[in-house]
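Working notes for the structure below.
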Amino acid sequence: MSSGPAGQTEGLADGHAEGDGEFEVPTRWLPGTGAYAEIDEDAFIEGALILSIGGAQQSHVDMLHPGRVFYEYLQRIANVIDLAAPAGTPLRVLHLGAGALTLVRYVQATRPGSRQVAVDLESELIDFVLDAMPLPEGTSCEIIAGDAADAVLEQPDAAFDVVVLDIFAGADAPAHLTGPDFAAHLLRVCAEDGVVLVNVGDDPPLAFARAQSRQLSSLAPATAVLTEAAMVGGGQAGNVIVAARRAAWPAGWTRALLAAGPHPAAVLTGPDLARFEQPPA
């Protein structure tokens, strides 16, 4: 599942529970996770829904405008996807960690005709999300319920233009998804001119995020880190996006990503990236 920002909601019971006004809050018990999933309205954005699991917000979907992404870390990922090919060109995208399929919807809205694959360990979550928030008509997305490592092993070389890993938060992540063998397979299934994007949620001093960045830098010819500028020093909790390519990092990407935000944005490459990757003292 996606590792979205923490929030405060509460699952009630299987089925539907009355919420404020006329909206009924769908809820479902997730046996694999051991928690309730709940989908509620965003009180401030008409037509937007929020997926929470165990009381923590996981995903945000603007059903009326799927081309809009609310969470800042997903905006940074979406901004890289925008650069992966000329605007409107269909892409092949692998999503490891399905959540509410926010990025699947974004890719379909901005690049109709894209072929996508989404993987999540919790099959009940996938069914719950699709029941409450169906994918837009015309979306081509294969849904796989299973372990991300197994799913990646089954994919052929260079099968995807973009690979997104959005599963873990902090050093308690599953070990088999954080090691060099799995990272090498992420690069293997990515096209030569494609990009691997790994979301890492972490707490100060960002030791886990730095280690993940170092690992990808040791395996890929080009890497970059995207985050909020205030996080670079390691004193603030949040999300770090590590981008890795089998080809060179385009110079124009750094300028474009800094301009796209969310602001204040940091895009670390070269010496700046090397300094970020140093283990905390």
Side-chain angles (χ1 to χ4, degrees), residues 3 72-84 96-97 152 158 160-281:
S3 51
E72 288 193 358
Y73 86 93
L74 285 181
Q75 289 178 35
R76 299 188 198 282
I77 292 175
N79 290 340
V80 179
I81 294 175
D82 289 347
L83 298 173
L96 302 171
V152 169
F160 300 96
D161 305 301
V162 179
V163 177
V164 179
L165 176 64
D166 184 13
I167 293 177
F168 44 73
D172 59 348
H176 70 294
L177 301 181
T178 63
D181 289 346
F182 182 62
H185 277 293
L186 296 180
L187 291 164
R188 175 187 64 79
V189 302
C190 188
E192 185 74 28
D193 59 350
V195 61
V196 173
L197 296 160
V198 179
N199 173 47
V200 186
D202 204 5
D203 295 317
L206 305 184
F208 180 62
R210 297 176 199 273
Q212 287 293 297
S213 184
R214 283 197 305 275
Q215 179 170 271
L216 276 167
S217 291
S218 72
L219 297 169
T223 54
V225 157
L226 291 69
T227 190
E228 182 183 348
M231 284 194 61
V232 174
Q236 181 174 309
N239 296 77
V240 171
I241 309 301
V242 185
R245 282 173 50 89
R246 294 169 56 196
W249 182 260
W253 280 27
T254 298
R255 293 189 297 271
L257 293 169
L258 285 171
H263 302 294
V267 180
L268 308 180
T269 60
D272 292 335
L273 177 63
R275 283 190 290 272
F276 174 82
E277 290 178 341
Q278 291 299 310

[Y] side chain reached by [X] side chain, heavy atoms, under 4.5 Å:
X: L197; Y: L165; value: no
X: V80; Y: I77; value: no
X: L273; Y: S213; value: yes
X: N239; Y: E72; value: no
X: L226; Y: L257; value: yes
X: V164; Y: N199; value: no

Margin query: Distance check, rounded to the nearest 0.5 Å: Q212 atom CD versus I241 atom CD1?
Written below: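 Answer for the CD-CD1 pair, Q212 versus I241, is 12.0 Å.
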List, one per line, each side-chain donor-acceptor pair under 3.5 Å for residues 204-211, sequence neighbours excluded.
from: R210; atom 1: NE; to: P205; atom 2: O; distance (Å): 2.9
from: R210; atom 1: NH1; to: F276; atom 2: O; distance (Å): 2.7
from: R210; atom 1: NH2; to: P205; atom 2: O; distance (Å): 3.2

Note to self: Going by the rule salt bridge (charged side-chain N to carboxylate O under 4.0 Å, His left out), which residues pair with D193 if we only count those two or more places apart in sequence or in a different chain?
What the structure shows: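 By the salt bridge (charged side-chain N to carboxylate O under 4.0 Å, His left out) rule, D193 matches no residue at all.
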Residues in side-chain hydrogen bond (donor to acceptor under 3.5 Å, both in side chains) with [X], at least two apart?
X: D161; value: R92
X: E228; value: Q236
X: D82; value: Y106
X: T227; value: none

Notebook entry, point to check: Is a side-chain donor or acceptor of D202 paired with a backbone partner of A237 at a separation under 3.5 angstrom?
Noted result: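 Answer holds: no.
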Please name the pair of heavy atoms, one in [X] and one in [Y], separated by the smallest distance, quoted to 0.1 Å.
X: V195; Y: C190; answer: N-SG, 3.2 Å
X: A244; Y: L187; answer: CB-CD2, 4.1 Å
X: A222; Y: A248; answer: CB-C, 3.9 Å
X: R76; Y: A265; answer: NH1-CB, 3.6 Å
X: V152; Y: V189; answer: O-CG1, 3.9 Å

What pairs of residues pass the salt bridge (Lys or Arg N to Asp or Glu O under 4.0 Å) test when at least one of them lies in [range], not counting sequence neighbours?
range: residues 229-251; result: E192-R246
range: residues 267-281; result: D272-R275
range: residues 177-190; result: D157-R188

Margin query: Applying ring-ring contact (aromatic ring centres under 6.0 Å, His included) as the test, list every pair that has at least one member in residues 182-204; sequence neighbours left out.
Written below: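 Residue pairs passing ring-ring contact (aromatic ring centres under 6.0 Å, His included), neighbours aside: none found.
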Note to self: Holding to side-chain contact (heavy atoms from CB on, under 4.5 Å), I want the full list of residues that pass it with A84, two or more places apart in sequence or in another chain.
What the structure shows: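 With sequence neighbours excluded, A84 shows a side-chain contact (heavy atoms from CB on, under 4.5 Å) to L91, V162, given in chain and number order.
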Notebook entry, point to check: What residues, two or more places apart in sequence or in another chain, satisfy side-chain contact (heavy atoms from CB on, under 4.5 Å) together with T254?
Noted result: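 Listed in chain order: W249, L258, V267, T269.
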Note to self: For N79 and I81: C-alpha separation, side-chain torsions, deciding distance, then whether side-chain contact (heavy atoms from CB on, under 4.5 Å) applies.
What the structure shows: CA-CA 5 Å; N79 290 340; I81 294 175; over 6 Å; no
Note to self: Please determine whether side-chain contact (heavy atoms from CB on, under 4.5 Å) holds for the pair L186 and L96, giving the CA-CA distance in whole Å, both sets of side-chain angles, and the decisive distance to 0.1 Å.
What the structure shows: CA-CA 10 Å; L186 296 180; L96 302 171; 3.5 Å; yes
